[in-house]
Structure formats: structure tokens, C-alpha cells
Amino acid sequence: MSLPPSPGARAPGGGPAMPIEADLHLHSYHSDGVHAPSEVVAMAVRAGLKGMALTDHDTVDGLAEAREAAPAGFEVIPASELSSVWRGREIHLLAYDVDPRNPRFLGLLGSLKEGRRLRAERMVARLNRLGVPVSMQEVIDIAQAGAAAPGASIGRPHIADAIIRHGAAADIDDAFVRYLRRGQPAWVPKISLPVGDAVRVVHEMGGAIVVAHPALNLSEPELESLATMGLDGIEVWHPKHQDDQRRRLLEIAGRLGLVATGGSDFHGAGRNRHLLASAGVSLETIDLLRQRARAARV
Ligand code: AMP
Ligand code: FE
Ligand code: FE
Ligand code: ZN
């Protein structure tokens, strides 16, 4: 299969090749972001972008609102960031051009979301044993804050907010360092999809699958080995990737014939410090992902 070169392949110094036109990694309050999907779209439009992907963790609940909020000519790609596991490692996979009505996909998301609820219950129990009196209802209320419909994808940032409210941590970073990071006393592993299953279901419904922020938790040999599981792309432009890491990732993507993608991983104030559109790609990258998806469709 021969593919046109990724636009990123022309990037000087690992930075974006051209002005950022699309931010392909954004969260709303349907998972651990703080804004409504329509607000995220409005912010992306105000930032001068031409397209974006809403990538809430393990849910597609915000996609209809995001698409409806998009002005003519502004592309909103239906997407989700899937919790996955590979060689015992927690991996985030960005699924693009997903079908939010696909029953098998919805079934997988449903079990991931339920797994998140059960995990949060176990983490709350651990916190209580550690003398932090957070309750599950509080965590649910925080996760639901603002969301119009019930069923937000509960995550550690919501538990962190509850810990902060009880004065047991100064801020979200402190809550992660003291309690929530892997290996810390309130940490419980998350129910995750094996990478092979995630790749299969996304390809079956005509989508593309990309490993998110790989420089944060994978060595280069691990990334190359993971890529052979059927990935379509590598997230190269992410605020937490340093310039030299971006250069190396771009080289790996080029060598393996994978699409180089990027986005800001914006969640909103109080969650992380990433600004919307602080990382991204050209619109052409979306076409490249779609070409890959068509080629991979089973
Ligand atoms: P979960 O999906 O429940 O395991 O929570 C992971 C989420 O927590 C990530 O998507 C980030 O939004 C956030 N996160 C992870 N590590 C940290 C950290 N050290 N400080 C603040 N937020 C974090
Ligand atoms: Fe998150
Ligand atoms: Fe992530
Ligand atoms: Zn993310």
C-alpha cells in the first residue's frame, strides 16, 4: 500500500509543518474535561482552526452535540480516546472516524465506562481507609457537573477534585502524586481493552486508530512493536512531547508508513495546563487518516 507522505514529514525541527489547522485531541465534560462539547467547538473556531476531533475517554456521548455546534465548513471528526492495555502497560488509543451508533463499539464503551465506575468505588474505599472522607456520590456529582445527561466517564481527575475539596491535597498534581498515580496508595488499575480488540473494532467500523502521547510511557522499541498491532498513526504533536521526542516520533512514523497526528489534549482549567490548539496538524492529516482507515477496513 503506498500512501502520500504525512504533512508532518516536512516539519522543521519537529514542530508543526504549517499553521495548526486542526486539533485532534480534545476533551469535554463527558469525560474529564470541564467544557460542554459545544463550548469546545466554539473555542476551536475562535482559535482560528478549521477542524477538530472530540476525544473523550471511553465515550462518544459528546459527539452529536459537537457535530451540531460545528459551523459550515468546520470539520468535527467523531472520535474517542480508548483505555487500552498492552504488555501490562496502560496505553491510550485515539480512535478517529468512529461510528457512534455501532453496537459492538457501544458495547465495549459501556463495559469500559462501567469498569471506570467500579474502579472509582474501589479508589474511594482506599481513600477512606487512608483517612480521606470522600464519597462515591461526591465523585459522581463532580463527574456529572455541567453534563446534561447522566453517564459521564468517571476518571481520576474527578476523584482528585473530591480529595482537594476535603483539603487532603493542594491541587490536582498533588492529588495524583500523593494518592492517585500508579503505585500510590489509592491507585487501582483500570479495566482496559486489549490493543488487538480496540484495533479490530475500530477498523471494522471504518475508523483509524492512533497511539496517544507515546513518548510519555513507551520506549522507541516498544512503540515500534506496538505499531505492528495494526496502528494507523502516532500522535507526534502533543504538548508533553519535547522537540527532540517529536523529531524522533516523526522519523518513526515516516519509517513505518504511519500518519503523524497531533492535538493539545485540552481538558480546561484546573485539569491540565494544555491550551486548546497548542498542538495540532494540517487538515490534510485528516484525509490521510481516512485513507488509512479505508485501506484497513475488514
Ligand atoms: P483515568 O483515565 O481515570 O486513569 O485518569 C487519567 C487522566 O487523568 C488523564 O487523562 C489526565 O487527564 C489526568 N492525569 C493523569 N495524570 C495526571 C497528573 N499527574 N496530574 C493531573 N492530571 C493527570
Ligand atoms: Fe484526561
Ligand atoms: Fe491520554
Ligand atoms: Zn487525552
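Throughout, residue positions are numbered sequentially from 1 according to the sequence presented. Values below: all heavy atoms of this structure, side chains included; hydrogens, waters and symmetry mates excluded.
- Of the possible polar contacts, one joining the R246 side chain to the H238 backbone as a donor-acceptor pair under 3.5 Å is found.
- Considering all non-hydrogen atoms of both residues, D174 and A169 come closest at OD2-CA, 3.3 Å.
- Two residues are said to be in side-chain contact when any heavy atoms from C-beta on lie closer than 4.5 Å; I77 and D97 meet this criterion.
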(request) Applying side chain to side chain contact (heavy atoms under 4.5 Å, CB included), run through K240 and Q245 and close with a yes or a no. (result) CA-CA 10 Å; K240 285 207 173 130; Q245 293 174 321; over 6 Å; no

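- Within the 3.5 Å criterion, the main-chain N or O of A53 finds no donor-acceptor partner in the side chain of D23.
- In this structure, the separation between CG on L256 and CG on L231 is 9.5 Å, given to the nearest 0.5 Å.
- A donor-acceptor pair under 3.5 Å is formed between the side chain of Q184 and the backbone N or O of R178.
- With hydrogens and angles disregarded, a donor-acceptor distance shorter than 3.5 Å links the side chain of N128 to the backbone of V132.
- Looking at E204 and R104, a side-chain N of the basic residue comes within less than 4.0 Å of a carboxylate O on the acidic one, giving a salt bridge.
- One finds the CZ atom of R165 at 12.0 Å from the CD1 atom of I163 (value rounded to the nearest 0.5 Å).
- A pairwise comparison of heavy atoms in A260 and L250 identifies CB-CD1, 3.8 Å as the closest pair.
- A salt bridge links R89 with E222: at least one charged nitrogen is closer than 4.0 Å to a carboxylate oxygen.
- None of H213, E81, H92 except one satisfies the side chain to side chain donor-acceptor pair (under 3.5 Å) rule with H25; the exception is E81.
- A donor-acceptor pair under 3.5 Å links the side-chain atoms of N102 to the main chain of F105, judged by distance alone.
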(request) List the steps, then state whether side chain to side chain donor-acceptor pair (under 3.5 Å) holds for H30 with E65. (result) CA-CA 11 Å; H30 286 280; E65 180 184 318; 4.7 Å; no

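- L94 pairs with exactly one of V211, T55, I209 by the side-chain contact (heavy atoms from CB on, under 4.5 Å) rule, that one being T55.
- Here the side chain of S38 pairs no donor or acceptor atom with the backbone of A69 at under 3.5 angstrom.
- In this structure, the side chain of E21 engages the main chain of L283 through a donor-acceptor pair within 3.5 Å.
- In this structure, R101 places its CZ atom where only 12 or fewer heavy-atom neighbours from other residues, nucleotides or ligands lie under 6.0 Å away.
- At a threshold of 4.5 Å between non-hydrogen side-chain atoms, the residues V60 and P78 do not count as touching.
- D197 has a carboxylate O that lies under 4.0 Å from a charged side-chain N of R200, or vice versa, which qualifies the two as a salt bridge.
- By the neighbour-count criterion of 12 heavy atoms within 6.0 Å, atom CD1 of I164 is densely surrounded, having more than that number from other residues, nucleotides or ligands.
- When all heavy atoms of P214 and I234 are compared, the closest pair comes out as CG-CG2, 3.8 Å.
- Residues Q291 and D287 have side chains that never bring a donor and an acceptor to within less than 3.5 angstrom of each other.
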(request) Start with the C-alpha distance between D232 and V259, add both sets of side-chain angles, then the distance that settles side chain to side chain contact (heavy atoms under 4.5 Å, CB included), and finish with yes or no. (result) CA-CA 6 Å; D232 300 298; V259 182; 5.5 Å; no

(request) Dump the intermediate steps for side chain to side chain contact (heavy atoms under 4.5 Å, CB included) on V202 and L93, then the final yes or no. (result) CA-CA 10 Å; V202 170; L93 296 172; over 6 Å; no

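- With salt bridges taken as basic N to acidic carboxylate O contacts below 4.0 Å, none links R116 and D32.
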(request) Show your reasoning for whether side chain to side chain contact (heavy atoms under 4.5 Å, CB included) applies to V98 and L63. (result) CA-CA 10 Å; V98 298; L63 298 184; 4.2 Å; yes

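- When every heavy atom of V41 is checked against every heavy atom of A66, the shortest pair comes out as CG2-O, 3.6 Å.
- For A143 against A152, the heavy-atom pair with the smallest separation is O-CB, 3.3 Å.
- No single ILVMFWY cluster, assembled from side-chain heavy atoms under 4.5 Å apart, contains both L118 and V85.
- Under a hydrophobic-cluster definition in which Ile, Leu, Val, Met, Phe, Trp and Tyr are linked whenever side-chain heavy atoms come within less than 4.5 Å, directly or via other members, V76 and L289 are assigned to the same cluster.
- For the pair L109 and L82, the minimum side-chain heavy-atom distance is below 4.5 Å.
- Classification of R290 and E75 as a salt-bridged pair holds, one side-chain N sitting under 4.0 Å from a carboxylate O.
- The side-chain heavy atoms of R46 and M43, taken from C-beta on, include a pair separated by under 4.5 Å.
- M136 and I191 fall into different hydrophobic clusters, where Ile, Leu, Val, Met, Phe, Trp and Tyr are joined by side-chain heavy atoms under 4.5 Å apart, directly or via other members.
- Scanning both residues, N217 and E90, for their nearest heavy atoms gives ND2-O, 2.7 Å.
- Both L218 and M229 are assigned to one and the same hydrophobic cluster, defined by single-linkage of ILVMFWY side chains at heavy-atom distances under 4.5 Å.
- One hydrophobic cluster, built from ILVMFWY side chains closer than 4.5 Å, holds both V281 and V45.
- With values rounded to the nearest 0.5 angstrom, L223 atom CG is found 8.0 Å from W86 atom CH2.
- A donor-acceptor pair under 3.5 Å is formed between the side chain of H158 and the backbone N or O of S31.
- Atoms CG and CG, on D173 and L180 in that order, are 11.0 Å from each other to the nearest 0.5 Å.
- Checking each of H27, H274, H35 against F266 for a ring pair (Phe, Tyr, Trp, His ring centres under 6.0 Å) leaves exactly one that passes, namely H35.
- Under 4.0 Å is where a charged nitrogen must lie from a carboxylate oxygen, and between D161 and R271 at least one such pair does.
- H241 places a side-chain N or O within donor-acceptor distance of the main-chain N or O of A215, the cut-off being under 3.5 Å.
- Between R255 and E224, at least one side-chain N (NZ, or NE/NH1/NH2) sits under 4.0 Å from a carboxylate O, which counts as a salt bridge.
- Note: I20 CD1 to W237 CH2 = 9.5 Å, rounded to the nearest 0.5 Å.
- Of the possible donor and acceptor atoms, none in the side chain of S28 sits under 3.5 Å from a partner among the backbone N and O of A36.
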(message) Set out, in order, the CA-CA distance, both residues' side-chain angles and the distance that settles salt bridge (Lys or Arg N to Asp or Glu O under 4.0 Å) for R247 and E251, then state yes or no.
(response) CA-CA 6 Å; R247 264 193 296 273; E251 186 272 319; over 6 Å; no

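- Rounding to the nearest 0.5 Å gives a distance of 11.0 Å between CG of L249 and CG of L258.
- Under the 4.5 Å side-chain criterion, counting only non-hydrogen atoms from C-beta, D56 is not in contact with D61.
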